[in-house]
Amino acid sequence: MISSDTLLRFALDLASAVTLEDRFERLIRAIRATVDCDAVVLLERKGEQLLPLAQQGLMDDVMGRRFNIDEHPRFTEICGAYHPVRFPTGCTLPDPYDGMVSGFDDGLPVHACMGIPLYVQGNMLGVVTLDSMTPGVFDSLDSRALDIVGTMAAMSLNTAMLLARLEQKSKHAQELLVELSEEALNKEATEMVGQSQAMQTLKQHLELVAPADLAVLIEGETGVGKELVARTLHRSSKRAQAPMVYVNCAAIPENLIESELFGHVKGAFTGADRDRVGKFTLAHGGTLFLDEIGELPLEAQGSLLRAIQNQEIQAVGKDKIEYVDVRIIAATNRDLKLEVAEKRFRADLYHRLSVFPIAVPPLRERNGDVLLLAGFFAEQLRRKFGLQQVTLSPQASDWLKAYSWPGNVRELEHVLSRATLLAKSNTNQGITRIEPMHLTGLVDAFSSQETPERVLPSPVHLDTAEIQDLKLATEDFQRRAIEQALDQAHLNWAQAARSLGIDRANLVRLAKRLGIEVTKQRS
């Protein structure tokens with residue numbers, strides 16, 4: 001039973017929670033103090049998806065998941081109700097958290113499950129789910145008291161969400177949330193997942209520059225998600241209704257660059273058998289995204305500079321000048337300042353492109369984001385391969401956290417894609433569980449160490465000192481491996497990179513970070 005004193009304490013807890021930064025965590029702690037349970041999750045409803053805001057009792061990767069309501073019968077039933085839903089003991093409906101409850105890696109035994117829909121003025125904001133390993137523990141709870149808990153929690157969630165919007169201090173950001181909600185929910189790959197300080201800083205910079213219509217230079221290592229940042233900038237800008245046209249500068253033959261950018265008329269050169277519209281014209285009124293801008297030859301950089309400066313282009317073989325209105329977003333994994341200093345990139349073009357530079361952090365600097373991204377990709381892969389559930393074992397999670405990810409988010413996505421395919425054959429009771437042996441690439445990275453357990457301590461015993469030791473041990477291993485590969489390759493960096501199974505540019509950057517001399521590199 002829930003007493004009136006308990007409800008009063010619950011109300012007081014909620015009143016103090018909404019003024020704090022961890023308001024969502026405070027909300028679920030207040031609920032858990034009121035209704036005894038082993039796991040509780042607060043989820044926000046966006047369209048036909050439920051997005052976790054806070055949780056206790058489940059594995060960390062649940063926060064990166066996006067649950068399609070119609071794919072989970074229990075969520076469907078909760079979202080279709082106006083009062084708390086208590087599932088009967090032995091309910092055969094699949095549990096969306098199966099395999100994710102801490103301490104129950106192989107699936108949930110018979111347990112008590114309840115969901116509370118959260119409504120404010122007839123609008124469903126989200127749901128709270130509660131699970132207990134004691135069957136029937138929720139059956140004796142007074143329905144009226146549960147309705148009161150749901151109403152107060154909904155009002156608290158509503159207030160917290162309003163405060164969060166006010167904290168953004170941006171009317172544009174609020175409008176963008178509404179305008180893009182359908183697109184973002186239907187196309188998960190466009191979502192920037194991450195709660196680390198590095199990602200919060202990046203999102204703040206994007207929110208600041210998006211509506212300003214300035215040229216933006218996105219810098220970052222291969223695989224960090226520079227194209228995703230560019231798409232986010234465009235969707236958040238005043239040009240969102242116009243097209244964003246993509247140009248891969250590294251993929252265009254040098255003799256066709258001007259034709260690709262500015263277009264050409266029929267007969268302008270051999271092979272020009274018809275008129276062609278250039279990328280600048282296609283992007284008129286919108287955004288032109290110049291990916292791998294550092295690969296653009298010097299000869300073509302002058303033509304690009306004139307087009308950006310004057311907002312005028314001239315198709316190859318055409319006398320008429322055409323005015324275009326485009327916003328330029330460029331991206332590179334090179335250090336353009338160094339390229340300018342070494343005369344491989346025009347200084348005037350660099351300054352024209354980098355009015356507002358944005359650095360995308362590598363995955364190794366996004367503390368805590370690896371498991372969120374892993375959960376995000378696992379949910380995508382579950383749907384892609386038609387699986388009931390894809391989960392990570394605690395040991396696999398440790399391996400993901402311990403690895404340095406030289407290939408960044410792209411490498412993580414590829415590792416999990418392979419791991420899910422390998423784990424499919426071992427699906428048990430509908431749960432496809434990824435184990436360390438399925439993490440190809442990581443297995444090779446850790447197998448050469450005498451005792452992999454040293455870099456994969458149990459999360460239960462981790463503390464700050466051990467994390468520091470892990471980082472130092474990992475960097476020391478990387479340093480020795482790179483130096484050995486270079487010695488065997490006689491300082492041939494391309495050959496050393498192939499032997500280590502990574503990209504040459506990534507190897508050079510990693511070597512610089514580890515303090516390895518790179519000035520004598522040869523290709």
Could you check whether [Y] and [X], counting side-chain N and O atoms only, form a donor-acceptor pair closer than 3.5 Å?
X	Y	answer
Arg433	Ser393	no
Gln49	Asn68	yes
Thr287	Arg327	no
Gln478	Ser404	yes

task: Just do the salt bridge (Lys or Arg N to Asp or Glu O under 4.0 Å) check on Arg66 and Glu48 with the steps written out, would you?
output: CA-CA 10 Å; Arg66 305 296 182 259; Glu48 295 306 311; over 6 Å; no
- prompt: Which atom pair, heavy atoms only, marks the closest approach of Asn408 to Gly223?
  reply: CB-O, 3.4 Å
query: Got a sec: does the CZ of Phe385 have more than 12 other heavy atoms crowding it under 6.0 Å?
result: yes
- request: Using the side chain to side chain donor-acceptor pair (under 3.5 Å) rule, collect all pairs that involve residues 192-201, keeping only residues at least two apart or in two chains.
  value: Ser196-Asp369, Gln197-Thr201
task: Using the six-membered ring wherever Trp is involved, compare the ring planes of Tyr82 and Tyr119 and label them parallel, tilted or perpendicular (cut-offs 30° and 60°).
output: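 Tyr82 vs Tyr119 ring planes: parallel.
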- prompt: So, His438 side chain and Glu435 main chain: donor-acceptor pair closer than 3.5 Å or not?
  reply: yes
query: With distance as the sole test, does Arg29 use its side chain to make a donor-acceptor pair with the main-chain N or O of Ile31 at under 3.5 Å?
result: no
query: Thinking salt bridges, do Glu207 and Lys203 make one under a 4.0 Å N-O criterion?
result: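 No, no charged N to carboxylate O under 4.0 Å.
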query: Passes salt bridge (Lys or Arg N to Asp or Glu O under 4.0 Å), Glu379 versus Arg382? Steps please.
result: CA-CA 5 Å; Glu379 194 65 18; Arg382 181 190 67 78; 3.0 Å; yes
